[in-house]
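A quick write-up on the structure given underneath.
Counting begins at 1 with the first residue of the sequence. Quick caveat, the model's predicted, so the values are computed rather than measured.
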Amino acid sequence: QVQLVESGGGLVQTGGSLRLSCAASVVISKFERIHWYVQPPGHQREWVAGIGRAGTTNYASSVRGRFTISRDDAKYILYLQMDSLRPEDTAVYSCCGLMYGTNYWGRGAQVTVSS
């Protein structure tokens with residue numbers, strides 16, 4: 001059974017950094033693509049970053065240049081390095097991986113950026 005578990009969330013001040021982890025029960029490169037999504041308070045979930053099996057990365061314009069998605073296949077972990085955080089980055093961050101036509105979701109991790 002494929003499982004994804006996020007960790008590394010917390011409270012940080014504006015301008016600070018956090019690194020989120022998404023631990024998978026399978027090697028990350030088995031996913032066709034795996035992504036980070038955010039759900040700010042009172043808003044719908046939005047895509048922010050993704051990485052393909054070949055390592056190609058893509059970012060939403062709101063985070064490009066501040067966030068970096070990466071993976072460690074040996075540790076079965078997906079990362080999201082978040083720098084220059086802003087109050088509007090406050091959200092629940094979830095990872096989602098696509099494998100054989102099925103999207104697998106983690107439960108999410110709360111990130112709160114104080115002004």
Whether the side chain of T90 engages the backbone of V113 through a donor-acceptor N/O pair (distance < 3.5 Å, no angle test) should be reported. yes

Backbone N/O of Y37 and side chain of E46: donor-acceptor pair under 3.5 Å: no

Scan residues 60-72 for pairs that pass side-chain hydrogen bond (donor to acceptor under 3.5 Å, both in side chains), counting only residues two or more places apart or in two chains. R66-D89, R71-D73

State, with a plain yes or no, whether a side-chain heavy atom of [X] is found less than 4.5 Å away from one of [Y].
{"X": "Y93", "Y": "L80", "value": "yes"}
{"X": "W36", "Y": "L78", "value": "yes"}
{"X": "S114", "Y": "L11", "value": "yes"}
{"X": "V38", "Y": "W47", "value": "no"}
{"X": "S21", "Y": "E6", "value": "no"}
{"X": "F67", "Y": "D83", "value": "no"}
{"X": "R53", "Y": "I28", "value": "no"}
{"X": "L85", "Y": "T14", "value": "no"}

What are the two closest non-hydrogen atoms of [X] and [Y], and how far apart are they?
{"X": "G108", "Y": "S94", "answer": "CA-OG, 3.5 Å"}
{"X": "S115", "Y": "P87", "answer": "CB-CG, 3.9 Å"}
{"X": "A49", "Y": "Y59", "answer": "CB-CD2, 3.7 Å"}
{"X": "L18", "Y": "V12", "answer": "CD1-CG1, 4.1 Å"}

Could you measure the distance from the [atom1] atom of [X] to the [atom2] atom of [Y]? Nearest 0.5 Å is fine.
{"X": "M82", "Y": "L20", "atom1": "CE", "atom2": "CG", "value": "3.5 Å"}
{"X": "I34", "Y": "Y104", "atom1": "CD1", "atom2": "OH", "value": "12.0 Å"}
{"X": "C22", "Y": "H35", "atom1": "SG", "atom2": "NE2", "value": "11.5 Å"}
{"X": "Q3", "Y": "Y76", "atom1": "CD", "atom2": "OH", "value": "14.0 Å"}
{"X": "Y79", "Y": "C95", "atom1": "OH", "atom2": "SG", "value": "12.5 Å"}
{"X": "S25", "Y": "K30", "atom1": "OG", "atom2": "NZ", "value": "10.5 Å"}

Under a 3.5 Å threshold, yes or no: a donor from one side chain and an acceptor from the other, between N103 and R33? no

Is there a chain of hydrophobic side chains (I, L, V, M, F, W, Y, each step under 4.5 Å between heavy atoms) that links M99 to I69? yes

